[in-house]
Amino acid sequence: LREYINPLAKGEAPPAAPFNAYPLIAHEHALSGSPRRTLWVVSDDNIALEWLRAWTSLKNADKRKYEIAALVSWGVIPYSNAPADKEKEYQRTRAEFLIQSNQPCTIVASVEGLSQFIATDGSTGGSGMLLKSGSRILRSDLMSFLGGGGYAHTVPVTRPGEFCIKGNVVDVFPPDLDYPVRMDFFGDDIESIKTFSHETQRSIQAVAEVRLLPLRPETHNLQEQIAKLIAKLKKSSDELPPILSSAGANLAGYADVYPALRRCSAIDKLWKDSVFVADGEAVLQRLTTIDNERKYLYERGEGRYRLPPADLYAPVDKIEAFLLAAQTVPLTGDAKDIPLRDAPRFGGRLGLLKEKIAAETGKQFYYLIESEGQRERLSAAISARADQIISLFYPHGFETEALCVLSENDVFGRVVKKYAADKNISKILESYTDLKESDYVVHVNYGIGRFSALKRMKVTAMVQGSAGSPADRMS
């Protein structure tokens with residue numbers, strides 16, 4: 001890895017590497033030399049969260065600590081006035097704090113997240129609450145922190161962002177941990193802290209400490225700004241987003257109005273440290289796509305209060321200049337005859353994997369498998385040594401002439417999430433541009449059909465009346 005890390009440390013371009021190797025390269029770069037601040041830019045939220053998950057898993061595996069975060073979007077379709085996606089809201093809140101803190105950290109940002117304003121009025125999540133086994137904390141303070149920080153009380157705890165109280169036991173699932181934690185109290189003293197399985201509710205191992213961070217930005221101090229904005233809009237007949245119509249009691253729509261309520265700045269004004277762009281072509285293309293999409297969605301949102309894209313999002317030309325000034329790391333693409341390349345993918349066909357192992361006897365194979373069941377299945381199928389199968393999440397593997405690292409996704413195909421996905425529109429459709437020809441769609445007026453194209457259409461009053469759709473139509 002030194003061939004890749006040393007140039008990065010000097011601000012130079014490393015040798016070309018497959019995209020899938022860069023989460024590991026970024027992890028080792030963060031831990032080499034003196035502590036540093038580094039921003040990695042990828043094309044979309046899903047990739048950014050995969051990188052973050054890989055870093056978290058790598059940190060847990062080798063016991064080396066450094067601050068990480070993902071600057072992603074709020075997880076809502078622009079101008080939908082929907083509540084933010086909880087996981088993305090948490091990660092963004094944490095990233096905004098680290099960007100402004102000046103402490104050493106490694107952040108991965110999606111284009112969506114990078115192009116949204118960052119609140120600079122001191123209301124980001126901060127360092128949260130550090131709880132240690134043997135320490136003392138008023139349980140009332142802990143409950144107040146969890147409730148005010150956006151954690152949901154559920155029994156039992158099964159998903160990130162949930163907590164529950166059972167007598168002297170408090171369970172919490174911080175989104176940046178792979179497993180929830182269980183704290184046993186004696187009065188206000190923490191007797192022990194253990195991780196546990198959210199599936200079986202059984203304890204896994206004891207931990208010395210756990211840090212809890214707010215899931216969302218603090219909004220209780222925005223009442224005055226909300227009242228002023230509502231007063232300003234009294235004469236308007238536009239429908240207000242829930243955060244305004246409820247005077248801040250309902251936070252749905254926060255992502256669509258917060259620059260009008262808070263002091264904000266763009267990333268190019270706040271980040272003056274190292275920036276690396278992975279897949280520059282895809283990143284710049286994504287910036288153009290989301291800019292066009294935001295303009296389109298703004299134009300079709302008549303009748304609702306909405307900020308123009310120029311007020312809601314950072315200037316596209318500034319973000320583009322920020323990206324072009326960064327160091328774009330070279331990728332190998334689909335090349336096969338190079339020292340470091342993508343690992344093959346077997347999609348559950350373990351017979352093919354066994355054939356590769358038999359054909360390449362001089363090569364060392366390692367398997368990064370997060371699921372216990374899949375580790376057992378693989379061990380039985382290929383008779384691997386215990387040290388070859390590592391409990392670790394990594395998106396996709398890579399190989400050299402002497403080494404092959406395969407992820408769970410490479411060996412078994414699609415990795416099933418450890419918990420069920422929210423039934424939320426932001427999970428179902430991140431972007432209108434994600435629709436592909438022949439995808440099934442449900443139009444609000446025309447029912448079920450197959451998607452062909454999304455076009456902006458000029459219509460006359462007569463056509464508008466007969467079609468029943470003033471500005472758009474999906475065919």
Side-chain angles (χ1 to χ4, degrees), residues 71-86 88-97 100 112-113 115-126 144-152 161 214-267 269-270 290-291 293-316 422 424-426 444 470-471:
L71 185 66
V72 290
S73 72
W74 298 101
V76 296
I77 295 174
Y79 302 109
S80 64
N81 289 338
D85 176 273
K86 286 186 178 180
K88 293 183 178 181
E89 184 178 42
Y90 166 79
Q91 297 298 349
R92 183 174 181 87
T93 300
R94 176 67 180 151
E96 288 189 1
F97 166 74
Q100 298 172 73
E112 289 96 330
S115 62
Q116 292 178 324
F117 282 117
I118 294 171
T120 59
D121 53 11
S123 295
T124 52
S144 177
F145 172 84
L146 292 171
Y151 287 81
L215 301 184
R216 64 191 183 200
E218 296 175 8
T219 55
H220 65 271
N221 58 348
L222 298 181
Q223 300 301 321
E224 184 179 348
Q225 291 90 328
I226 290 174
K228 287 180 179 178
L229 184 56
I230 292 174
K232 184 179 176 181
L233 299 173
K234 271 189 175 178
K235 295 182 179 179
S236 172
S237 60
D238 289 344
E239 176 189 346
L240 297 180
I243 188 173
L244 297 184
S245 60
S246 69
N250 183 347
L251 297 183
Y254 172 84
D256 291 320
V257 299
Y258 74 97
L261 302 173
R262 306 182 68 169
R263 187 169 65 252
C264 298
S265 186
I267 188 68
K269 302 293 185 183
L270 299 173
I290 61 175
D291 180 48
E293 177 184 303
R294 288 164 177 170
K295 291 175 180 176
Y296 168 77
L297 292 172
Y298 172 75
E299 291 176 4
R300 70 191 296 266
E302 294 181 6
R304 290 181 295 174
Y305 170 73
R306 62 206 189 284
L307 290 175
D311 296 334
L312 184 55
Y313 303 104
V316 173
D422 286 333
N424 183 299
I425 185 64
S426 66
V444 66

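Keep in mind that the numbers below use all heavy atoms, side chains included, and drop hydrogens, waters and symmetry copies. In this text the structure is predicted, and so the values were computed from the model without any measurement.
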Any donor-acceptor pair under 3.5 Å from Gln100 side chain to Ala119 backbone: yes

Working for side-chain contact (heavy atoms from CB on, under 4.5 Å), residues Trp74 and Lys88: CA-CA 6 Å; Trp74 298 101; Lys88 293 183 178 181; over 6 Å; no

Short N-O contact, Arg92 and Glu96, less than 4.0 angstrom: yes

Minimum heavy-atom distance Thr120-Ser265, with the two atoms named: CG2-CB, 3.9 Å

Contacts of Lys228 that satisfy salt bridge (charged side-chain N to carboxylate O under 4.0 Å, His left out) - sequence neighbours left out: Glu224

Beyond-backbone contact of Leu229 with Gln225, side-chain heavy atoms, under 4.5 angstrom: no

Nearest-0.5 Å distance that lies between atom CG in Leu297 and atom CD in Glu299: 9.5 Å

Minimum heavy-atom distance Pro78-Tyr313, with the two atoms named: CB-OH, 3.3 Å

Pairwise side-chain contact, Pro241 with Asp256, heavy-atom cut-off 4.5 Å (strictly under): no

For the student: nearest non-hydrogen atoms of Glu112 and Ser73, plus distance: CB-CB, 3.7 Å

Whether Tyr79 and Tyr298 hold their rings parallel, tilted or perpendicular, with breakpoints at 30° and 60°: tilted

Nearest-0.5 Å distance, CD1 of residue Ile118 to OG1 of residue Thr93: 11.5 Å

Non-neighbouring partners of Leu307 that pass side-chain contact (heavy atoms from CB on, under 4.5 Å), sequence neighbours left out: Pro259, Ala260, Tyr305, Asp311, Leu312

Shortest non-hydrogen contact from Leu240 toward Leu233: CD2-CD1, 3.8 Å

Nearest heavy atoms of Arg304 and Asn81, plus distance in Å: CD-ND2, 4.2 Å

Point-to-point distance, once rounded to the nearest 0.5 Å, from OG of Ser246 to CG of Leu251: 7.5 Å

From Asp85 atom CG to Gln91 atom CD, the distance as rounded to the nearest 0.5 Å: 10.0 Å

Exercise: identify the closest heavy-atom pair between Val76 and Ala84: CG1-CA, 3.8 Å

Spacing of Ser115 atom OG and Asp291 atom CG [to the nearest 0.5 Å]: 8.5 Å

